[in-house]
Amino acid sequence: MSQPSAPTPLGSPFLELQSVDSTNNYARQQIHAGLAQHGMAIFAHEQLSGKGQRGRSWSSEKGANIILSLVIKPHPLLLTQQFMLSACVAVATSDFFIKYAGDATKIKWPNDLYWQDRKAGGILIESVVRSGEPETTSPVARWEWSIVGIGININQTAFSSELPNPVSLKQITGKDFDVIELAKELCSYIETYFQKLMVKDYYDIYYRYVDNLYKLNSMVKLKKGDETFEAIIKSVSPFGKLIVHRLLDEDLKITEFDFGEVEWII
């Protein structure tokens, strides 16, 4: 009896586009058209309407950087476990960048890539969810697909003045890189950590995430609504909440924040 085929690794097939509005949008179109498969990578030399966190745009010089989206079947993960995948991708991306830029590379919660105090990249994960159907035996919404968008500054050296703190791998190392080869290498890093996640090694990934957290045990400025305050970054919970020590009523108190509840002031 033939054995079932193993799922294709992340990064296969690897689609190379000259120009696109957004690699995440392109991936979503492939899903809706029934053409997507687990592992599919979409790389673009130029992205005209790139998306970042909190509705921001992501701009990139043509041909200079990694602009990549991965299509992932997250089963058996549940919707309530989305941070597990986020941490998996963040740690893999961080380890990949550390290989070239060194240990000054950190993960800024929830999933930005920082080198020293400068932003080298960002991750935007979007979910495709099928609503639960009351007439079935499983009325719970199902996490059908995950679209992992990654942007990393590689060879770009001139940035918009609207960006407060960008940095590229070329600025760090003084070297030029083959962005296609680096994108494929990044896929292999993410595949390695994704396989760990699939065999329930999440806490190994989680502890790596916390150990490599930007500003761990340091004072930072955060903003919630109209209020700006200082806090000490202490950890991130296994479910993705930022844990800080904050001065309230003249005492340091542990406070947790969900993603989107606060923003960094840098």
Side-chain angles (χ1 to χ4, degrees), residues 10 52-53 65-66 68 70 72 77 81-125 146 148-154 164-169 171-173 177 182-183 185-222 231-245 254-266:
L10 300 181
Q53 294 286 2
N65 304 313
I66 290 177
L68 180 73
L70 288 169
I72 294 175
L77 296 179
Q81 298 173 317
Q82 290 181 78
F83 181 71
M84 290 185 178
L85 180 60
S86 179
C88 170
V89 175
V91 168
T93 303
S94 172
D95 278 7
F96 158 79
F97 204 76
I98 284 171
K99 175 182 175 181
Y100 297 97
D103 291 339
T105 305
K106 300 295 179 183
I107 301 166
K108 184 172 82 66
W109 177 85
N111 49 17
D112 278 339
L113 184 68
Y114 263 57
W115 183 82
Q116 295 187 358
D117 289 322
R118 303 170 70 184
K119 185 174 180 177
I123 300 165
L124 176 65
I125 300 180
S146 184
V148 177
I150 304 171
I152 304 178
N153 300 325
I154 302 298
N165 58 343
V167 70
S168 70
L169 197 54
Q171 289 175 320
I172 295 167
T173 65
F177 295 87
L182 285 191
E185 184 181 5
L186 173 59
C187 289
S188 70
Y189 269 77
I190 299 172
E191 167 68 12
T192 297
Y193 275 100
F194 184 72
Q195 290 306 319
K196 288 175 67 71
L197 186 59
M198 291 297 98
V199 296
K200 305 187 186 303
D201 274 351
Y202 169 60
Y203 277 92
D204 285 346
I205 297 169
Y206 165 70
Y207 293 134
R208 174 67 177 156
Y209 179 98
V210 173
D211 286 344
N212 209 31
L213 200 60
Y214 176 67
K215 293 296 186 182
L216 184 64
N217 295 317
S218 297
M219 185 75 76
V220 301
K221 283 188 177 181
L222 300 173
I232 300 171
I233 303 295
K234 298 305 296 181
S235 187
V236 171
S237 79
F239 304 102
K241 290 188 176 184
L242 180 66
I243 301 172
V244 304
H245 282 178
I254 297 175
T255 308
E256 295 186 355
F257 296 107
D258 281 317
F259 168 66
E261 191 175 356
V262 292
E263 60 180 303
W264 296 72
I265 305 298
I266 295 178

For residues 234-241, tabulate all N or O donor-acceptor pairs below 3.5 Å that involve a side-chain atom, not counting sequence neighbours.
{"residue": "Lys234", "atom": "NZ", "partner": "Asn217", "partner atom": "OD1", "Å": "2.8"}
{"residue": "Ser237", "atom": "OG", "partner": "Phe239", "partner atom": "N", "Å": "3.2"}
{"residue": "Ser237", "atom": "OG", "partner": "Gly240", "partner atom": "N", "Å": "3.3"}
{"residue": "Ser237", "atom": "OG", "partner": "Lys241", "partner atom": "N", "Å": "3.0"}

Over 60° means perpendicular and under 30° means parallel, so tell me whether [X] and [Y] are parallel, tilted or perpendicular.
X: Tyr203; Y: Tyr206; value: perpendicular
X: Phe259; Y: Trp109; value: perpendicular
X: Phe96; Y: Tyr189; value: perpendicular

Quick one: closest heavy-atom pair of [X] and [Y], and the distance?
X: Val89; Y: Ile150; answer: CG1-CD1, 4.0 Å
X: Ser146; Y: Ile125; answer: OG-CG2, 3.2 Å
X: Pro110; Y: Ser86; answer: O-OG, 4.5 Å
X: Asn111; Y: Ala90; answer: CB-CB, 4.3 Å

Between Asn65 and Ile154, is there a donor-acceptor pair closer than 3.5 Å when you use the side chain of the first and the backbone of the second?
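Checking the backbone N and O of Ile154 against the side chain of Asn65, a donor-acceptor pair under 3.5 Å is found.
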Main-chain N/O of Glu185 paired with Ser188 side-chain donor or acceptor, under 3.5 Å
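Looks like yes, one N/O pair under 3.5 Å.
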For Asp211, what residues pass the side-chain contact (heavy atoms from CB on, under 4.5 Å) criterion, not counting sequence neighbours?
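Applying side-chain contact (heavy atoms from CB on, under 4.5 Å) to Asp211 gives none.
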Hey, does [Y] have a side-chain heavy atom less than 4.5 Å from the side chain of [X]?
X: Leu77; Y: Met198; answer: yes
X: Phe97; Y: Ile172; answer: yes
X: Cys187; Y: Leu70; answer: yes
X: Thr192; Y: Asp95; answer: no
X: Leu242; Y: Leu222; answer: yes
X: Ile233; Y: Ser218; answer: no

Can you tell me how far the [atom1] atom of [X] sits from the [atom2] atom of [Y], to the nearest 0.5 Å?
X: Ile107; Y: Leu113; atom1: CD1; atom2: CG; result: 8.0 Å
X: Ile265; Y: Lys221; atom1: CD1; atom2: NZ; result: 8.5 Å
X: Ile190; Y: Ile123; atom1: CD1; atom2: CD1; result: 7.0 Å
X: Leu186; Y: Leu182; atom1: CG; atom2: CG; result: 8.5 Å
X: Ile72; Y: Leu197; atom1: CD1; atom2: CG; result: 9.5 Å
X: Glu261; Y: Glu263; atom1: CD; atom2: CD; result: 12.0 Å

Holding to side chain to side chain donor-acceptor pair (under 3.5 Å), I want the full list of residues that pass it with Tyr209, two or more places apart in sequence or in another chain.
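Listed in chain order: nothing, the list is empty.
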When you look at Val262 and Val244, which way does the side-chain contact (heavy atoms from CB on, under 4.5 Å) test go after all the steps?
CA-CA 12 Å; Val262 292; Val244 304; over 6 Å; no
Residue pair Asn153, Trp115: steps toward the side-chain contact (heavy atoms from CB on, under 4.5 Å) verdict:
CA-CA 11 Å; Asn153 300 325; Trp115 183 82; over 6 Å; no
Just by distance, with hydrogens left out, do Asp117 and Tyr214 show a side-chain donor and acceptor under 3.5 Å apart?
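Yes.
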